[in-house]
Amino acid sequence: MKILVFSDSHGRTMRMIECVEEENPDMLFHLGDMVEDTRDLRSVFPNLPLANVCGNNDWGSNAPVDRVEVIHGIRFFLTHGHRHHVRVTTEQVVDAARENGCQIALFGHTHESLIESYGDVIVANPGSITLPYAELPSYLRITIEPGCEPKLAVIHLEREETHWFRRRLNKKKKN
């Protein structure tokens, strides 16, 4: 089974759609900011299971702040992370995962990818698919094979060239 995990898409769904088309996953997780982007994913991939939580920019959303998903016996704790103070430490999200009996804690909010093990809990952040702070756009791929430990990998994409960036490059080439 393959799960793709996105976070912090902030209204830009094309990159997620391209990743799903390329990867052909069995399930998607979206960790908030913007929960409305999941509507686009659901409309393009109506038969693909998708679990999501809301983030700090998802005002008025009825999506849960935290949720637990069980896939092939593995318990996943999903959160955006803003209420667990993940910009400061992952300690609270690890504690929340343990309290919910989860082996893997997934969060976003920081726009920076991360995979760390805290003994009985693996903590992972896919980074931001569209607005990374200090790295390339990224998402998380989780592969689960029967009888094996889940494999987590951060996948970095090429930076999307914005219009101003192309103009700047063209100007440098002319000089």
Can you tell me if Ser138 uses its side chain to pair, donor with acceptor, with the backbone of Pro126 under 3.5 Å?
yes
Can you tell me how far the CE atom of Met34 sits from the SG atom of Cys54, to the nearest 0.5 Å?
10.5 Å
May I ask you to decide if Asn57's main-chain N or O and Asp33's side chain share a donor-acceptor pair within less than 3.5 Å?
yes
Donor-acceptor contact present, side-chain Glu135 to main-chain Ser113, <3.5 Å:
yes
Residues, nucleotides or ligands: over 12 heavy atoms within 6.0 Å of Arg83 CZ:
no
Mind checking whether Leu114 and Ile129 sit in one hydrophobic cluster, side chains of I, L, V, M, F, W, Y counted as touching below 4.5 Å?
no
Lys2 atom NZ, over 12 foreign heavy atoms within 6.0 Å:
yes
Students often mix this up, so state it plainly: with edges at 30° and 60°, are the rings of Phe6 and Tyr139 parallel, tilted or perpendicular?
tilted
Considering only Ile, Leu, Val, Met, Phe, Trp and Tyr, and joining two whenever side-chain heavy atoms are under 4.5 Å apart, list the other residues clustered with Met27.
Met1, Ile3, Val5, Phe29, Leu31, Val53, Ile71, Ile74, Phe76, Leu78, Ile104, Leu106, Ile115, Ile122, Leu140, Ile142, Ile144, Leu152, Val154
Can you tell which of His30, Arg15, Glu36 makes a side-chain hydrogen bond (donor to acceptor under 3.5 Å, both in side chains) with Ser9?
His30
Give a yes or no answer on whether the side chain of His111 reaches the backbone of Leu131 with a donor-acceptor pair at less than 3.5 Å.
yes
Do the side chains of Val35 and Leu50 join up, straight or via other hydrophobic residues, at under 4.5 Å, putting them in one cluster?
no
Distance-minimising heavy-atom pair for Ala134 and Glu112:
CB-OE2, 4.2 Å
For Asp37, does its backbone N or O pair with a side-chain atom of Asp40 as donor and acceptor, under 3.5 Å?
no
Check this for me: Glu22, atom CD, are more than 12 non-hydrogen atoms of other residues, nucleotides or ligands nearer than 6.0 Å?
no
Got a second to check how far Cys19's SG is from Asn24's CG, nearest 0.5 Å?
13.0 Å
In the structure I gave you, are the side-chain heavy atoms of Pro25 and Leu48 within less than 4.5 Å of one another anywhere?
yes
Can you tell me how far the OG1 atom of Thr90 sits from the OH atom of Tyr118, to the nearest 0.5 Å?
3.0 Å
With sequence neighbours left out, which residue pairs that include part of residues 115-129 fulfil the salt bridge (charged side-chain N to carboxylate O under 4.0 Å, His left out) condition?
Arg98-Asp120
I'd like to know if the side chain of Asp8 pairs up with that of Thr130 as donor and acceptor (distance under 3.5 Å, no hydrogens or angles considered).
no
Report yes or no: does Asn100 contribute a side-chain atom to a donor-acceptor pair with the main-chain N or O of Cys102 at less than 3.5 Å?
no
Let me confirm one number: the CZ-CZ distance from Phe107 to Arg87, rounded to the nearest 0.5 Å.
10.5 Å
Is there a side-chain contact between Phe77 and Glu99, using heavy atoms and a 4.5 Å cut-off?
no
What heavy-atom pair brings Ser7 and Gly108 nearest, and what distance separates the two atoms?
OG-CA, 3.3 Å
Within the 4.5 Å heavy-atom criterion, are Leu41 and Thr13 side-chain neighbours or not?
no
Are more than 12 heavy atoms, taken from residues, nucleotides or ligands other than Glu18, located less than 6.0 Å from that residue's CD atom?
yes
What is the distance from atom CD of Glu149 to atom OG1 of Thr143, rounded to the nearest 0.5 Å?
13.5 Å
Donor-acceptor list for residues 60-69 side chains, cut-off 3.5 Å, not counting sequence neighbours:
unit_1	atom_1	unit_2	atom_2	d
Ser61	OG	Ala63	N	2.9
Asp66	OD1	Thr79	OG1	2.5
Asp66	OD1	His84	NE2	3.3
Asp66	OD2	His84	NE2	3.3
Arg67	NE	Glu69	OE2	2.9
Arg67	NH1	Asn52	O	3.0
Arg67	NH2	Glu69	OE2	3.1

Side chains of His109 and His82: donor-acceptor distance under 3.5 Å anywhere?
no
Closest non-hydrogen contact found for Ala97 with Val121 is CB-CG1, 4.0 Å
